[in-house]
Amino acid sequence: GGVKLNKFCIQLGFQLANFAFSNQRELAMQTGVNFDAHADTANLFSNPVANNAPGYQTQPRREPLRHPITIFFHIFFKVAAIILYWTADLIEAASGFVIVFVSIILALVFDFWVVKNVSGRLLVGLRWWNEIKDDGSNEWIFESIEDKASIHTSEKLIFWGALIITPTLWVIFGIVRAFQPWAPVWFIVCCIAVAMTVTNVLGYFKCAKGDQNKMKTMAQGFLAQQLVTQASRGVGV
């Protein structure tokens with residue numbers, strides 16, 4: 001009885017295998033998928049994203065930063081000035097007040113120059129400067145890049161983030177120093193830092209606003225030109 005049962009199970013197994021194989025071939029002929037390629041099937045499950053397996057979507061690769069050196073110096077002098085300010089007591093004890101004061105001011109000056117003349121132009125396509133006329137009045141001049149597609153999104157976020165956060169920190173430092181009358185010199189340092197950093201913030205905000213107005217004017221001009229063109233065509237017909 002046991003031998004007959006074993007034979008029956010073996011025959012049943014072969015029949016099921018043949019049935020599955022025949023259905024597999026029919027499905028392959030209908031769909032065009034090669035189910036016999038075991039290596040490809042293994043690769044499909046081992047790397048589904050690379051083989052565009054169902055249920056998976058390939059993610060777009062992030063574009064590398066275009067101006068890493070500019071970003072470095074855009075952040076470096078800001079961080080350097082803040083670190084020098086926080087370690088001023090240690091540096092003053094070792095080298096004297098003049099050394100730490102001059103170091104902080106130099107870091108602020110270098111940061112102001114880099115932001116105004118280099119990083120703004122390369123990272124966000126904006127540039128501003130101030131000219132003094134013969135009558136003594138000031139004139140703000142703004143420039144912006146025409147091709148906005150050349151601006152890297154991450155670089156733009158880094159630029160504006162560092163530009164806004166830095167003066168905010170210096171304002172906080174100044175408020176704290178205002179309640180420390182025994183150290184008026186450091187309050188003056190904070191005021192100088194706020195003045196230099198806020199100047200760049202105002203300059204670039206005005207420049208960005210002017211650029212938006214320029215784009216709005218160009219869009220309105222383009223729309224008006226299209227309306228005139230369509231109207232002239234209608235009259236011609």
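All heavy atoms count here, side chains included; hydrogens, waters and symmetry mates do not.
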Visitor: Is there side-chain contact between His152 and Pro64, with heavy atoms separated by less than 4.5 Å?
Guide: no
Visitor: Please step through ring-ring contact (aromatic ring centres under 6.0 Å, His included) for the pair Phe110 and Trp113, ending with a clear verdict.
Guide: CA-CA 5 Å; Phe110 289 149; Trp113 185 88; 8.5 Å; no
Visitor: Taking the side chain as C-beta and beyond, is there a heavy-atom pair between Val115 and His74 under 4.5 Å?
Guide: yes
Visitor: Tell me, do Leu108 and Phe77 make a side-chain contact under 4.5 Å, heavy atoms counted?
Guide: no
Visitor: How far does OG of Ser119 sit from CG of Asp111, to the nearest 0.5 angstrom?
Guide: 8.0 Å
Visitor: Would you please classify the geometry between the Trp140 ring and the Phe142 ring as parallel, tilted or perpendicular, with 30° and 60° separating the classes?
Guide: parallel
Visitor: Would you compute the distance between atom OG1 of Thr70 and atom CD1 of Ile75 and round it to the nearest 0.5 angstrom?
Guide: 11.0 Å
Visitor: Does the plane of the ring in Trp186 sit parallel, tilted or perpendicular to the ring in Phe97? Use 30° and 60° as the thresholds.
Guide: perpendicular
Visitor: Report whether Leu202 and Ile165 are members of the same hydrophobic cluster (ILVMFWY, side-chain heavy atoms less than 4.5 Å apart, transitive linking).
Guide: yes
Visitor: Report yes if some heavy atom in the side chain of Arg121 is under 4.5 Å from a heavy atom in the side chain of Leu126; otherwise report no.
Guide: no
Visitor: Establish whether Ile175 and Ile104 are linked, either directly or via other cluster members, by ILVMFWY side-chain heavy-atom contacts under 4.5 Å.
Guide: yes
Visitor: Check for a donor-acceptor pair, side chain of Thr166 on one end and backbone N or O of Leu163 on the other, with a separation under 3.5 Å.
Guide: no
Visitor: Could you tell me whether the side chain of Leu123 reaches within less than 4.5 Å of the side chain of Ile158, counting heavy atoms only?
Guide: no
Visitor: So does Asp134 have more than 12 non-hydrogen atoms from other groups sitting under 6.0 Å from CG?
Guide: no
Visitor: Determine, step by step, whether Tyr85 and Trp170 satisfy the ring-ring contact (aromatic ring centres under 6.0 Å, His included) criterion, reporting the C-alpha distance in whole Å, the side-chain angles of both residues, the deciding distance to 0.1 Å, and the verdict.
Guide: CA-CA 10 Å; Tyr85 173 79; Trp170 282 112; 5.3 Å; yes
Visitor: Starting from the C-alpha separation in whole Å, work towards a yes-or-no answer on ring-ring contact (aromatic ring centres under 6.0 Å, His included) for Phe159 and Tyr204.
Guide: CA-CA 11 Å; Phe159 174 83; Tyr204 279 108; 5.2 Å; yes
